[in-house]
Engineer: 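Below is one structure. I have some questions about it.
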Amino acid sequence: PGTGPPATTAVTSRQPSHHHSAHPGGANDDGAASERFFRKHKPTFLSVKIFQLLCAVYILVVTFSHPPVGARDPATGNVIDATSPQNTADGVIYWRQAIYRPVVAEGTWQLFCLAISRMSAFSMYPPMVLIF
């Protein structure tokens with residue numbers, strides 16, 4: 001009887017904490033109101049994944065379809081500036097008569113790498129918006 005470890009008692013209820021953490025809503029807000037708001041309006045995992053998929057599809061269509069929608073040259077199948085070999089050599093295309101874009105891909109391997117890089121970049125926009 002007296003040789004074992006001391007008996008422990010299980011805590012069955014939490015005592016209310018008087019610690020106030022920094023939550024949005026002011027100094028008097030204990031965080032419950034903001035927690036309820038974020039819990040109610042929290043996007044689901046599925047909705048974020050759907051938006052990521054839509055962003056990836058969008059950028060693939062815009063990059064790899066033929067003009068006027070995309071940037072792919074109909075004659076060569078590459079993403080180049082067909083109006084200016086100098087722009088292509090410099091690694092840019094003149095996009096929609098407005099801005100220069102550093103998106104040039106010549107050949108299958110470069111097209112594949114461009115697709116992966118642009119897909120991964122654009123699919124990260126929905127989580128970044130939610131985080132920041």
Side-chain angles (χ1 to χ4, degrees):
T3 60
T8 59
T9 59
V11 177
T12 57
S13 66
R14 284 184 65 176
Q15 297 296 322
S17 172
H18 297 289
H19 170 70
H20 293 284
S21 59
H23 287 286
N28 295 333
D29 183 11
D30 65 353
S34 59
E35 187 175 325
R36 281 191 307 271
F37 175 81
F38 288 121
R39 193 176 301 151
K40 182 179 177 183
H41 295 86
K42 176 177 64 174
T44 64
F45 178 78
L46 181 62
S47 63
V48 173
K49 287 297 166 190
I50 289 172
F51 280 116
Q52 285 182 292
L53 182 63
L54 290 174
C55 287
V57 168
Y58 164 78
I59 199 57
L60 289 177
V61 168
V62 168
T63 303
F64 294 107
S65 60
H66 297 291
V69 175
R72 197 167 189 178
D73 180 37
T76 64
N78 295 323
V79 179
I80 60 171
D81 190 340
T83 62
S84 172
Q86 184 60 45
N87 284 345
T88 301
D90 292 342
V92 296
I93 60 172
Y94 194 55
W95 182 251
R96 297 191 179 170
Q97 310 302 321
I99 54 175
Y100 288 96
R101 292 282 185 188
V103 181
V104 172
E106 297 177 288
T108 306
W109 179 247
Q110 287 184 7
L111 288 168
F112 174 76
C113 290
L114 181 65
I116 295 298
S117 67
R118 290 181 68 87
M119 238 178 23
S120 63
F122 272 71
S123 67
M124 287 304 298
Y125 285 148
M128 285 186 183
V129 167
L130 292 173
I131 290 171
F132 298 108

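Bear in mind that the values here come from a model prediction, so they are computed numbers and not experimental data. The basis for the numbers below is simple: all heavy atoms, side chains too, and nothing from hydrogens, waters or symmetry mates.
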Engineer: Check for me, please, whether Y58 and W95 land in the same ILVMFWY cluster - side-chain distances under 4.5 Å, paths through other members count.
Structural biologist: yes
Engineer: For atom CZ of F64, decide whether the heavy atoms of other residues, nucleotides or ligands shown that lie under 6.0 angstrom number more than 12.
Structural biologist: yes
Engineer: Identify whether L46 and L130 are in the same connected component of the hydrophobic contact network (ILVMFWY, side-chain heavy atoms under 4.5 Å).
Structural biologist: no
Engineer: What pair of heavy atoms forms the shortest contact from P127 to M124, and how long is it?
Structural biologist: CD-O, 3.2 Å
Engineer: Any donor-acceptor pair under 3.5 Å linking the side chain of R72 with the backbone of S65?
Structural biologist: no
Engineer: Do N78 side-chain atoms and G107 backbone N/O form a donor-acceptor pair below 3.5 Å?
Structural biologist: yes
Engineer: If we ignore angles and hydrogens, is there a donor and acceptor under 3.5 Å between the side chains of S84 and D81?
Structural biologist: no
Engineer: Roughly how far, to the nearest 0.5 Å, is the CH2 atom of W109 from the CG atom of L114?
Structural biologist: 12.5 Å
Engineer: Under a 4.5 Å side-chain heavy-atom rule over Ile, Leu, Val, Met, Phe, Trp and Tyr, are L60 and F112 clustered together?
Structural biologist: yes
Engineer: Going from OG on S123 to CE on M128, what distance comes out if it is rounded to the nearest 0.5 angstrom?
Structural biologist: 9.0 Å
Engineer: Applying side-chain hydrogen bond (donor to acceptor under 3.5 Å, both in side chains), name anything that partners T44, two or more places apart in sequence or on another chain.
Structural biologist: S47
Engineer: The criterion is ring pair (Phe, Tyr, Trp, His ring centres under 6.0 Å); which residues satisfy it with F122, sequence neighbours excluded?
Structural biologist: Y125
Engineer: Heavy atoms only: give me the nearest Q110-V104 pair and the separation to one decimal.
Structural biologist: OE1-O, 4.3 Å
Engineer: Give the C-alpha distance, both sets of side-chain angles, the deciding distance and a yes or no for side-chain contact (heavy atoms from CB on, under 4.5 Å) between K49 and L53.
Structural biologist: CA-CA 6 Å; K49 287 297 166 190; L53 182 63; over 6 Å; no
Engineer: Same cluster for V62 and I93 if Ile/Leu/Val/Met/Phe/Trp/Tyr side chains link at under 4.5 Å?
Structural biologist: yes
Engineer: Please check if V69 and V79 belong to a single hydrophobic cluster, counting links between Ile, Leu, Val, Met, Phe, Trp and Tyr side chain heavy atoms closer than 4.5 Å.
Structural biologist: no
Engineer: Which heavy-atom pair separates A105 from L111 by the least distance, and what is that distance?
Structural biologist: CB-CD2, 3.7 Å
Engineer: So which heavy atom on V92 is nearest to which on P102, and how close?
Structural biologist: CG1-CA, 4.1 Å
